[in-house]
Trainee: 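Pasting a structure below so you can have a look.
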2 protein chains.
Amino acid sequence: MNTAADLKKAGLKSTVPRLKILEVLESAPVRHLSAEDVYKKLLEMDLEIGLATVYRVLTQFEGVGLVIRHSFEGGRSVFELDDEGHHDHMLCLECGEVFEFFDKVIEERQKQVSKEVGFVLEDHSLYMYGVCEGMKTSGKCSMKKKKRG
Amino acid sequence: MNTAADLKKAGLKSTVPRLKILEVLESAPVRHLSAEDVYKKLLEMDLEIGLATVYRVLTQFEGVGLVIRHSFEGGRSVFELDDEGHHDHMLCLECGEVFEFFDKVIEERQKQVSKEVGFVLEDHSLYMYGVCEGMKTSGKCSMKKKKRG
DNA sequence: ATGTATGCAAAACATTTGCACCTGG
DNA sequence: CCAGGTGCAAATGTTTTGCATACAT
């Protein structure tokens, strides 16, 4: 895939920081990254991109729909490439891993409930916190990973 | 109800700041308050209680299950008295109002989905963002407030 | 060229913490 | 009296912003 084209399509000028940040998001083994995570990955790639720029770029990406920003518990935001369909998240409190899932019934009920009370639903976030099976038994996370992350 | 007793039952010494903060949470017309909100309410009551104390007390209350802390979008936490059963939230992006709802089907599906992938669900947060009907029409919020529907 | 993007440092917030003092039981 | 609670100020951690410089078109 051509990241430069993605940027142009989104109406953003193609610059080194933007291209590299997009690259990090696309290639990272973990899908959900904080601004700091992205910043560190860039440093590892010997790129001197300021943390402020990382924040600015991620916020722009969010604005044009390239990434999704999550506010998981604990204050800091995490960003995820918006390249697959909508899904919700499970967060393991033991290993910190983030799993994705999608449930048609839950999605439908949300629309239904909204309609019943006259609420125009635009967006939602569902985070389920718990412990993945692997942590309970072997002490390491073995829950089947869905997609990257 | 007797707030002093609530504190004692929770294993917390009954002090003026704690009693007053509990009082604010119980009597506020809006159920969901940030630490700053609580702090301001206290000032209005001519109580000189430091913001740091408000944070400490709210965190203790959360620890003993007297309040629930939410991380809605936008960084700051909001606190809600934990005096009714579990429910989820709808947030109006126009008027800022917070509505509560409960849907058995959604709750059940969450458990089901968790079980299917071997996830021990401990907690969850579902926030639905949108616009309440009143805002769309009259410009003011008129959605019927449903406490656990 | 020229308007936009970036880097750096400083600012802005939300929240926490250290410490001396005060308070409730 | 004494452990624990509180106030204040300073520290933290995250995200934003001002401004001079660098860059893409």
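Letters go in sequence order (proteins before strands), and every chain restarts at 1. The figures that follow rest on heavy atoms only: side chains count, while hydrogens, waters and symmetry mates do not.
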Trainee: Output the rounded distance in Å from CG (A:L7) to P (C:dA5).
Mentor: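 Between P of C:dA5 and CG of A:L7: 11 Å.
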Trainee: For the side chain of B:R18, starting at C-beta, report the closest nucleotide among D:dT25, D:dT6, C:dT16.
Mentor: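 It is D:dT6.
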Trainee: Using a 4.0 Å heavy-atom cut-off across all strands, classify A:S77 as base, sugar-phosphate, or nothing.
Mentor: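 Sugar-phosphate, backbone atoms only, no base.
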Trainee: Give the nucleotide from the list C:dT17, C:dT6, D:dG7 with an atom nearest to the side chain of B:T53.
Mentor: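 Of all the options, the side chain of B:T53 is nearest to D:dG7.
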Trainee: Parallel, tilted or perpendicular: which one describes the rings of A:H70 and A:H32, with boundaries at 30° and 60°?
Mentor: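 Geometry flag for A:H32 against A:H70: tilted rings.
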Trainee: Is it the case that one hydrophobic cluster holds both A:V57 and A:L12, taking links as side-chain heavy atoms less than 4.5 Å apart, direct or via other members?
Mentor: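 As far as the 4.5 Å side-chain criterion goes, A:L12 and A:V57 are connected within one cluster.
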Trainee: Hey, does the side chain of A:Y55 come within less than 4.0 Å of D:dT15's phosphate (OP1/OP2), counting only N and O?
Mentor: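 So the side chain of A:Y55 is within the cut-off, an N or O lying under 4.0 Å from OP1 or OP2 of D:dT15.
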Trainee: Kindly say whether, by distance alone, the side chain of B:R56 makes a donor-acceptor pair under 3.5 Å with the base of C:dG18?
Mentor: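 Flag set: donor-acceptor pair detected.
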Trainee: So if you build clusters from Ile, Leu, Val, Met, Phe, Trp, Tyr with side-chain heavy-atom gaps below 4.5 Å, do A:L43 and A:L47 land together?
Mentor: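 Shared cluster, yes.
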Trainee: Taking only side-chain N and O atoms of B:T15, does any of them lie within less than 4.0 angstrom of OP1 or OP2 on D:dT6?
Mentor: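 For B:T15, the contact criterion (side-chain N or O under 4.0 Å from OP1 or OP2 of D:dT6) is met.
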Trainee: Rounded to whole Å, how long is the line connecting atom CG of B:L12 with atom P of D:dG4?
Mentor: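 Value for this atom pair: 13 Å.
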Trainee: Does A:V117 share a hydrophobic cluster with A:I106, counting links as ILVMFWY side-chain heavy atoms below 4.5 Å and allowing steps through other members?
Mentor: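 Yes; tracing contacts between hydrophobic side chains, which count when under 4.5 Å, links both residues.
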Trainee: Do any side-chain nitrogens or oxygens of B:R76 fall under 4.0 Å of OP1 or OP2 in C:dC13?
Mentor: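 For B:R76, the contact criterion (side-chain N or O under 4.0 Å from OP1 or OP2 of C:dC13) is not met.
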Trainee: Output the rounded distance in Å from CG (B:L43) to P (D:dC8).
Mentor: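 My rounded result for the distance is 11 Å.
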Trainee: Look at the side chain of A:K13 and decide which nucleotide, out of C:dG3, C:dT17, D:dT16, has an atom nearest to it.
Mentor: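 In terms of side-chain proximity for A:K13, the closest of C:dG3, C:dT17, D:dT16 is C:dG3.
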Trainee: Hey, which sits more toward the 5' end of DNA chain C by its nearest nucleotide, B:S34 or B:K8?
Mentor: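 Per heavy-atom nearest nucleotide, the more 5' residue is B:S34.
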Trainee: Rounded to the Å, how far apart are A:L58 CG and D:dT14 P?
Mentor: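 Distance, rounded to whole Å: 15 Å.
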Trainee: Reckon A:E48 touches a base, only the sugar-phosphate, or nothing at all at heavy-atom distances under 4.0 Å?
Mentor: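 Sugar-phosphate, no base atom in range.
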Trainee: Taking the ring centre of each residue, are B:H124 and B:H86 less than 6.0 Å apart?
Mentor: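 Ring centres of B:H86 and B:H124 closer than 6.0 Å.
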Trainee: What is the distance, rounded to the nearest whole Å, between atom CG of A:L51 and atom P of D:dT14?
Mentor: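 Roughly 10 Å, once rounded to whole Å.
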Trainee: Nearest-Å distance, CD (B:E62) to C1' (C:dT16)?
Mentor: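 My rounded result for the distance is 14 Å.
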Trainee: Please give, in whole Å, the distance from D:dG5 P to B:L19 CG?
Mentor: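 After rounding, the reported distance stands at 13 Å.
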Trainee: Whole angstroms only, please: what is the CG-P distance between A:L42 and C:dT6?
Mentor: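 Taking atom P of C:dT6 as the reference, CG of A:L42 is at 12 Å.
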Trainee: Counting only side-chain heavy atoms from C-beta out, which of D:dA9, C:dG24, C:dG7 sits nearest to B:V16?
Mentor: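 Nearest nucleotide to the side chain: C:dG24.
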